[in-house]
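Single-structure report; data block below.
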Protein chains: 2
Amino acid sequence: MRALAVEDDPRIAGDLQSALTAAGFRVEVTGDGEDAWFLGDTEDYDLVVLDLGLPSLDGLAVLKRWRANGRTMPVLVLTARGTWQERVEGIEAGADDYLPKPFRMEELIARARALVRRTGGHAAAFQEAGDLSLDTNRMGVAIRGVQVQVTALEYRLLAYLMLHRDRPVPPSELLEHLYGDDDAREANALEAVIARLRRKLGAGIIGTRRGFGYFLEAT
Amino acid sequence: MRALAVEDDPRIAGDLQSALTAAGFRVEVTGDGEDAWFLGDTEDYDLVVLDLGLPSLDGLAVLKRWRANGRTMPVLVLTARGTWQERVEGIEAGADDYLPKPFRMEELIARARALVRRTGGHAAAFQEAGDLSLDTNRMGVAIRGVQVQVTALEYRLLAYLMLHRDRPVPPSELLEHLYGDDDAREANALEAVIARLRRKLGAGIIGTRRGFGYFLEAT
DNA sequence: GGCAACCTGACAGCAAGCTGACACAGCGGG
DNA sequence: CCCGCTGTGTCAGCTTGCTGTCAGGTTGCC
């Protein structure tokens, strides 16, 4: 049973190593994001414990790159950033479980065991819908193969629609995802973003179902 | 996609029901431990949301009895008792995920989805009654497989009738569900919606039991 | 027959959504 | 510092189509 622990704080990393070892894992530890990405991409682990607050490359980005490459090992995410949006974000990036810091080592082990007990996998999100394609690594957008320049906000909106392309996404949910509900925006802000995107992407990409929400037009 | 929500606080239970329904689950709710144990033991659910603080029979005991009987459905545990020992206890009793109260409904849904995805329950969230089928994920409606375009209000009405398809639903209840009781509508508003729906769906879908209410015609 | 529950077509009001213009903040360069 | 540039939120006015109301009809029940 191999486990990879990605954690830059050496004290916590040490604790992780001993606790996981005691729980019967063969543990490797790294504190560097790039390094973690490479290991997770090339080696086979039964479990990854991933801290989100990393230098050099963000944990969430590492996770997304793994999933984009079709890596399906169970990932338990650790983070100090405890707001609920970030938890949801983490889960949507492909995390299988989530543990806010500070945590008890006993709880982590219990969760790790539960995670390994279920041998489920995640399919990488293939980022294509109709004429639109998203490149999650480069944050690039293309229509029928032609690159289109979009802003960060626009990209996040597209990525969210892509992730939920099987259903219409209500404006309230999009607002919450893009801004978080504490800092409120006029509902119109979203409509403005949609309008700008439609102008860039052309018609027939983003559809509206009045009363339900927005969606990516399928083929 | 069937879900069982075990929660004794009626307000939270109501929130759970609507959130899970909106997320595409067919939801049953109970507030009693014995009842929950019986349902979980005899019915097949794709997801159970279990509150630990129950009267009559403790949630943890319910969970243990399910697992002892070989029931393997994914269980998401809710609890106000947030100490880490209890979390560990819950996970070791066989919970698949854990959410401390108070929580965000959005987070619960995200976790529930992740849980179901993980356990391989990829079946579409379809509900059928006679010739009518609802796709609760896409918010789509079809008659004998043919897609029909309905508005948000019409869809909510259909979904509610579907949820309670075992009985006629009185107009007063429908009015309350669709509009809330604070902002009152003429009773006729409901009749108008029903009429429009019948025109779209054709005859033999929505029935009337004079004096009792509306219902979906079974096969 | 008479009453109440329920149905339905027409229509106007209204809210959801669209769009172009503008303001403003942040940022980098001269 | 100033200037221009870019990204984004706000505003106002517009379009669209949903939906509540009304008026009159139909059905079922006593």
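These numbers come from a predicted model, not from an experiment. Keep in mind that the numbers below use all heavy atoms, side chains included, and drop hydrogens, waters and symmetry copies. Lettering follows sequence order; numbering is per chain, from 1.
Between A:Tyr179 and A:Ala189, the shortest heavy-atom distance links the atoms OH-CB, 4.1 Å. Shortest non-hydrogen contact noted between A:Arg209 and B:Val150 is NH2-O, 4.5 Å. Heavy atoms only, all atoms of each residue included: B:Pro74 and B:Asp46 are closest at CG-O, 3.0 Å.
To the nearest 0.5 Å, atom CD of residue A:Glu173 and atom CG of residue A:Leu178 are 10.5 Å apart. Note: B:Leu190 CG to B:Glu176 CD = 12.5 Å, rounded to the nearest 0.5 Å. Of the inter-residue distances, the one linking B:Leu216 atom CG with B:Arg165 atom CZ reads 8.0 Å to the nearest 0.5 angstrom. In this structure, the separation between CD on A:Gln17 and CD1 on A:Ile12 is 14.0 Å, given to the nearest 0.5 Å. Here the straight-line distance linking atom OH of B:Tyr214 with atom CG of B:Leu161 works out to 10.0 Å at 0.5 Å rounding.
Side chain of B:Asn188, nearest nucleotide from D:dC18, C:dT8, D:dG20: C:dT8. Distance from the side chain of B:Pro171 is smallest to C:dC6 among D:dT8, C:dC6, D:dT10. Counting only heavy atoms from C-beta on, A:Ala192 has its side chain closest to D:dT10 among C:dC18, D:dT21, D:dT10. Checked against D:dG9, C:dT8, D:dT21, the side chain of B:Ala195 finds its nearest nucleotide in C:dT8.
The CG-C1' distance, from A:Leu157 to D:dG7, rounds to 15 Å in whole Å. Between A:Phe212 atom CZ and C:dA16 atom C1' there is a gap of 13 Å when expressed in whole angstrom units. The separation between A:Leu197 atom CG and D:dT8 atom C1' is 12 Å, rounded to whole Å. Regarding A:Arg209, its CZ atom lies at a distance of 14 Å from the P atom of C:dC18, rounded to whole Å. In this structure, the CG atom of B:Leu178 is 10 Å from the P atom of D:dT19, given to the nearest Å. Regarding A:Ile206, its CD1 atom lies at a distance of 13 Å from the C1' atom of C:dC18, rounded to whole Å. Distance B:Gln149 CD to D:dG17 P: 12 Å, rounded to the nearest Å. Atom pair B:Glu191:CD and D:dA23:C1' shows a separation of 13 Å (rounding to whole Å applied).
Distances shorter than 4.0 Å separate some side-chain N or O of A:Tyr214 from OP1 or OP2 on C:dC18. Within the structure, every side-chain polar atom (N or O) of A:Arg199 is placed at least 4.0 Å from both OP1 and OP2 of C:dT19. For C:dA5, the OP1/OP2 oxygens have no side-chain nitrogen or oxygen of B:Thr208 closer than 4.0 Å. Listed pair B:Tyr179 / D:dT19 fails the phosphate criterion, with no side-chain N or O lying under 4.0 Å from OP1 or OP2.
Checked against salt bridge (charged side-chain N to carboxylate O under 4.0 Å, His left out), B:Arg138 has the following partners two or more places apart in sequence or in another chain: B:Asp135.
Counting non-hydrogen atoms under 4.0 angstrom, B:Ile194 reaches nothing in the nucleic acid.
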Check: protein-nucleotides 27-30 of chain D nitrogen or oxygen pairs below 3.5 Å:
{"unit_1": "D:dT27", "atom_1": "O2", "unit_2": "B:Arg210", "atom_2": "NH2", "d": "2.7"}

Exercise. Could you give me the CA-CA distance, side-chain angles and deciding distance for A:Leu50 and A:Leu76, then say whether side-chain contact (heavy atoms from CB on, under 4.5 Å) is met?
Key: CA-CA 6 Å; A:Leu50 177 66; A:Leu76 177 67; over 6 Å; no
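End-to-end axis angle of the helix from C:dG1-D:dC30 to C:dG30-D:dC1, using five pairs per end and rounding to 10°, comes to 30°.
You won't find any donor-acceptor pair under 3.5 Å spanning the side chain of A:Arg196 and the base of C:dG20, going by distance alone.
Mapped onto DNA chain D by nearest heavy atom, B:Glu154 and A:Leu190 fall at different nucleotides, with A:Leu190 at the one closer to the 5' end.
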